[in-house]
Structures are given as structure tokens and as C-alpha cells.
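Note sheet for the following structure.
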Amino acid sequence: MSKKLRPHSSIVVDGTERAPSRAMLRAVGFKDSDFKKPQIGIASTWSMVTPCNMHINTLADKAAAGADGAGGKGVIFNTITISDGISMGSEGMKYSLVSREVIADSIETVSGCEGFDGLVAIGGCDKNMPGCLIGLARLNRPSVFVYGGTIMPGVHKGTKVDVVSVFEAVGQHAKKEINSAELKQIESSAIPGAGSCGGMYTANTMASAIEALGMSLPGSSAQAAISKSKETDCRNAGKAVLNLLKKNIRPSDIMTRKAFLNAIAVITALGGSTNAVLHLLAMAHAINVKLSIDDFTRIGKKVPVLADLRPSGKFMMSELIAIGGIQPLMKMLLDKGLLYGECMTVTGKTLASNLKSVKAYPARQKIIRSFADPIKKDGHLVILYGNLAPEGAVAKISGKEGLSFTGKAKVFASEEAALKKILDGGIKSGDVIVIRYEGPVGGPGMREMLSPTSAIMGKGLGKEVALITDGRFSGGSHGFVVGHITPEAAVGGPLALVKNGDRITLDAEQREMNLHVSKSELNKRRKAWRAPTQKYKRGVLAKYAKQVSSASTGAVTD
């Protein structure tokens, strides 16, 4: 094939002097004819550390076969994954957000070194997805992202359950609503096989955002992990990269500012995870697109929440798949003038063209509401400012937990300390739980607070208390929760100055969070404050703490 389709691999394998390179590649299966084909790197996040990714090796094989069938040469390589669900609530969770950077770095490193002309990246758990997209953006070579697919729900006593059900069952057990035997039954039935978390948690949120962004094929975000449709998606992704190579369509042609605004609109309508704020900011940074936390406010004023999906809603992702996934929702948004239809996608066609023949949802479905009957008339991702968050914070307000909360602070310097107090009955109605020193620098790593938020819900305190933190939340968290508070406590942000008993007001309508303490008292506390000693002196967490930016800019490391 023409060198135009092999701009990178030709440098590695063409010419007499590249005989050593060809010799190495022959050992991994290359034939004479393969040296004249575009090399398509297949970035697999396969691992047996989590059900989210345990099947992705087989999907990578399908993507490579698709690339081969279209005239390319697929080359599979691995990057890491971690499990939020397993590490949640432990010290290990500090590595979760860090893994996003490691994944991006490794995809960039392998592809840059080996000279791949195009890429397919397959991610299953939520950090995989932005990590893959950041790596693809930096390389800016024709690329397609594939979502590994959602898990099917488990069943307990005739009710569908998932991993969040287990976290909440821990709180129910602490409240003595269920016994140890039932807790084990829920634990044993919640995760029946491969795939990512079953609600509109961070994995499905980010898969939907990436499809709306145009970087995955239509339908990729709404397919079961173990299904013929997901295998077909992978084959088609391998083929699509060859088409992108021929048309010279790169991530920078797709990941534009308008495309990011489309992604925000879609995850707003879906009621998606607060982590989308952090990850979309980082992805935009990687492709040199200006995006800010205030863009979520602007979109939220126009786009309502239409999806009745877990965690705050009733339905699971598998049920959304059954009625058509997110494509009909995107068509609804486009027809309402809430998406930019001219944006290019990995099909080589515009978003509007992709959606032209999409059919509406079935008439009597109850998962996606109409614009006349929304779950919430405006967006649920609410950016708050105020004397507690001068650079902003992110709240997930479904409306079910109320629009404002005033209470007295109960302050904790770690997630573990807060969780212990919640489970032993030390948190009462009217408390504002403050968890600090869990930000990108302070953690380090900005742990998710699914354990404490689930314990709150399990103990029946979801409408009685609020939780605020410079850490972040799992997509499975719900209740009156505010995270990503910036500046974070570890760098001297106002959160570091809060004391037990201080009154705090959170107001989603005014988009403010304020500490009811005088300026003079805060100045006195600030003079007395001393930064905590960083416990990690070497290794990846130490490097991360030194390099990472504020959560308000995406917690990026470059």
C-alpha cells in the first residue's frame, strides 16, 4: 500500500537498513506481505483483576481480525487496568485515578515506539476509557475507541442487583435491616459475569460520552459485554480505522470543542457520573481543546435529565440496551437543537448523518422520558462556587435529595475515618460530613467515596445528611454529595479550615457552597494551618502528587 497509509510503520520496516526490525516482527507472525500493510495497534485493557475487563482479550482478537480483513495488519498490545470496585474504601483506591495517566502514557509509549499507523483501543472499566482517549489524542493518529460493554444484572429475591447493591447492603447490615447471611447472598449474586457496572455509573457514562464525542462507532456504548453485537462492534472498529486512514481523519478532526459539548449534553440527559467532568476536561486538554467546568453549567441550563437510570433512578443499562441504547436519545437531542450535527465521527460521516435513520424508542418504554416530562428540567451536574470552593466543586443533584442543605460539619481527615463513624451510628440527621485531604495531591489520587455514600444510603440517611469532599465520587454514588472541591485541603484550600460544628450551606439553585464563619476567624485559622506531611516519598503516587493539577482543570499531569 501507499506510504500515505503507512506514515509511521514505513519508517520502522521499509528499506535494507530495517532488516533487523523485520526480523523481530517475523517472530511475532509477520509475513512478507504484512510489511506493506498499515499497522494497526490494538490496545487491549484485558486483565483478570476485574470482571469489567476479563473478556477484552477476545474482543481485541475480533478488532485485529477486522483490521486484517480491511487490508491492515493488527498488532495487539496490552495496557493496565485496576478495579475501583475491589479497591474502593481502601488505600489501594489511591491508585485509581493515577491509572488513567499510566494507561494514557503506555498507549502513547507503545504506539510511538512501534510506529503504528492507526489504533483501536478497547476499554472496560471507567479509568480505561479516558486513559485510552488521552493516549489517542496525544498520538493524533486515525483511531477508534471500543467500549468493552456492560455487565448483565444479578438477581436477589426477584430484584435486579449490581455492585452498588452490595455497597448499600453493607449499610443495611450495619443498621441491622439484613443479617450476615443475606449480605452474603447479595454479595454472591450481584456480579454474574463479565462487563462493566450495570447502571449509569462512570463506565457507562464515559462510554456514552465517547460515542457522543464521535470517537466510537454508533451503538458501541450500549451493548452487553458478552454479545454478538459487541463482537461485531470490535470487527467494525478494526475496519473503520482503515477507512479513517484513507480519508486522513484523525482525533483532532473529531474531538473538537463542539464535539465535547455534544458529549456533555448526552451525559446530562442520561444523568451520568460526576467523574465525566474530571475526565472530559482531561481529554479536552490532551487534544488542545478549551473546556472548563463552567461549560457543564451552560449545557445544564439547556439540557434536562431524561433517563431514569441507576443509581438515582430505577433502570439498568441492560434495560436501556433493550430499547435501543443512546442513539434514539441523541436523535431526540439533535432534533431539539441541543447537539451539533455537523461534527465528524469515526464512521467518516457527521453525527447528523449517522443519526438520520435512527428509529425512536418504543412507544410505551419508561426509561427515557420526553422533553415534556423530564426527570429534572435542568442538568444534574451542578458546579458550585463560594467561600468553600473558590475554584469550583461538582455536585450531582437529581432533585430527589432536595436542592439545598444546611447542617453542622463533622470533619474527617480520611475516607476510612468517616466510614467508621457512619457505620457505628456516629452520624446523625443534619450533619454535613466533611472528608478532606483526599484530593489529587492530598490523597494522593483523589479516591472515590462510594463506600461512605453507599453506607449513608444503606442506613437510610440519604435525605438527612450531606457529604462534601475534595475527593470524588463513584458513578454509583447518590444522595446530597459534593466533590472535587477546589482548591483542595492539602494545598491550603478553605476545606482545610473547617472545624467540627461549623455551619455549612449547600445550595444547588444558587450554585453555592458556603461556610458560615467570619473572614476574620478564617484568616486566624489560615495562619495556624500547616500542610500535612506527604506520606508517599517515592513511587507512582509520589510522582503523581508532585505533577498533578487541580481537579478543576481535570487533574492532569502534563
Side-chain angles (χ1 to χ4, degrees), residues 1-14 33-43 62-75 107-108 111-112 114-122 132-147 210-221 232-260 262-263 283-284 286-289 327 330 334 339-358:
M1 287 192 182
S2 166
K3 281 193 177 182
K4 288 183 179 180
L5 300 185
R6 302 190 301 116
H8 303 285
S9 64
S10 62
I11 296 170
V12 175
V13 300
D14 285 6
S33 58
D34 293 329
F35 296 119
K36 296 301 180 183
K37 297 174 182 177
Q39 289 187 31
I40 309 302
I42 313 293
K62 303 297 183 186
D68 292 348
K73 175 60 177 174
V75 181
I107 290 174
E108 178 189 358
S111 302
E114 301 301 322
F116 298 138
D117 302 299
L119 290 139
V120 175
I122 310 171
C132 287
L133 266 291
I134 291 167
L136 300 182
R138 290 177 187 167
L139 291 158
N140 201 28
R141 300 175 190 183
S143 305
V144 178
F145 175 79
V146 176
Y147 177 39
I210 293 166
E211 183 175 329
L213 188 66
M215 282 297 294
S216 60
L217 293 173
S220 184
S221 71
T232 301
D233 183 37
C234 291
R235 286 194 195 91
N236 288 342
K239 295 176 185 177
V241 176
L242 271 297
N243 182 51
L244 294 172
L245 269 168
K246 291 170 184 175
K247 294 187 173 183
N248 193 29
I249 297 173
R250 298 175 295 163
S252 58
D253 300 309
I254 297 170
M255 297 172 67
T256 62
R257 175 170 167 78
K258 286 183 177 180
F260 276 101
N262 284 347
M283 288 157 56
I287 203 74
N288 295 316
V289 165
Q327 288 281 297
M330 291 172 64
L334 180 67
L339 294 182
Y340 294 98
E342 68 270 26
C343 291
M344 180 54 63
T345 75
V346 292
T347 65
K349 300 176 182 178
T350 65
L351 181 69
S353 179
N354 290 344
L355 294 173
K356 190 173 182 179
S357 60
V358 170

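Computed from a predicted structure; not experimentally measured.
- Residues Tyr340 and Thr256 form no side-chain contact, since every pair of their non-hydrogen atoms from C-beta on lies 4.5 Å or further apart.
- Applying the salt bridge (Lys or Arg N to Asp or Glu O under 4.0 Å) test to Lys62 and every residue at least two apart in sequence or in another chain returns nothing.
- Between the side chain of Arg141 and the backbone N or O of Gly112, no donor-acceptor pair lies under 3.5 Å.
- A heavy-atom distance below 4.5 Å is found between the side chains of Val13 and Arg6.
- Applying the salt bridge (Lys or Arg N to Asp or Glu O under 4.0 Å) rule to Asp117 yields no partners; only residues at least two apart in sequence or on another chain are considered.
- Ser221 and Glu211 share a donor-acceptor pair across their side chains, judged by distance under 3.5 Å alone.
- With rounding to the nearest 0.5 Å, the separation of CG in Leu245 from CD1 in Ile40 is 5.0 Å.
- Remark: side-chain polar atoms of Asp68 are paired, donor with acceptor, to backbone N or O of Gly74 under 3.5 angstrom.
- Taking every heavy atom of both residues into account, Asn243 and Thr347 meet most closely at ND2-O, 3.5 Å.
- Inter-residue side-chain proximity for Glu114 and Val75 is flagged as unmet; no heavy-atom pair is nearer than 4.5 Å.
- Taken to the nearest 0.5 Å, the OG atom of Ser220 stands 11.5 Å off from the CE atom of Met215.
- Using modelled atom types, no side-chain atom of Asn236 and backbone atom of Asp233 make a donor-acceptor pair closer than 3.5 Å.
- Note that NZ of Lys4 is 10.0 Å distant from CG of Asn248, once rounded to the nearest 0.5 Å.
- Minimum heavy-atom separation, Met255 to Ala137: CE-CB, 4.2 Å.
- Nearest heavy-atom pair, Ala121 versus Leu136, reported as atom, atom and distance to 0.1 Å: CB-CD1, 4.2 Å.
- Taken to the nearest 0.5 Å, the OG atom of Ser9 stands 12.0 Å off from the NZ atom of Lys37.
- Under the 3.5 Å distance criterion, the side-chain polar atoms of Asn262 are left unmatched by any main-chain donor or acceptor of Leu339.
- Tyr147 meets the ring-ring contact (aromatic ring centres under 6.0 Å, His included) test with no other residue; sequence neighbours excluded.
- For the residue pair Val241 and Val120, the shortest heavy atom distance occurs at CG2-CG2, 3.5 Å.
- The shortest distance between side-chain heavy atoms of Leu351 and Met330 falls below 4.5 Å.
- At a threshold of 4.5 Å between non-hydrogen side-chain atoms, the residues Leu5 and Leu242 do not count as touching.
- When every heavy atom of Asn140 is checked against every heavy atom of Ser252, the shortest pair comes out as OD1-N, 2.9 Å.
- Summarising the geometry, atom CE belonging to Met344 is positioned 13.5 Å from atom CZ belonging to Arg250; distances are rounded to the nearest 0.5 Å.
- Here the shortest heavy-atom pairing between Ser143 and Val346 reads O-CG1, 3.4 Å.
- A distance of 12.0 Å separates NZ of Lys356 from CG of Leu334, quoted to the nearest 0.5 Å.
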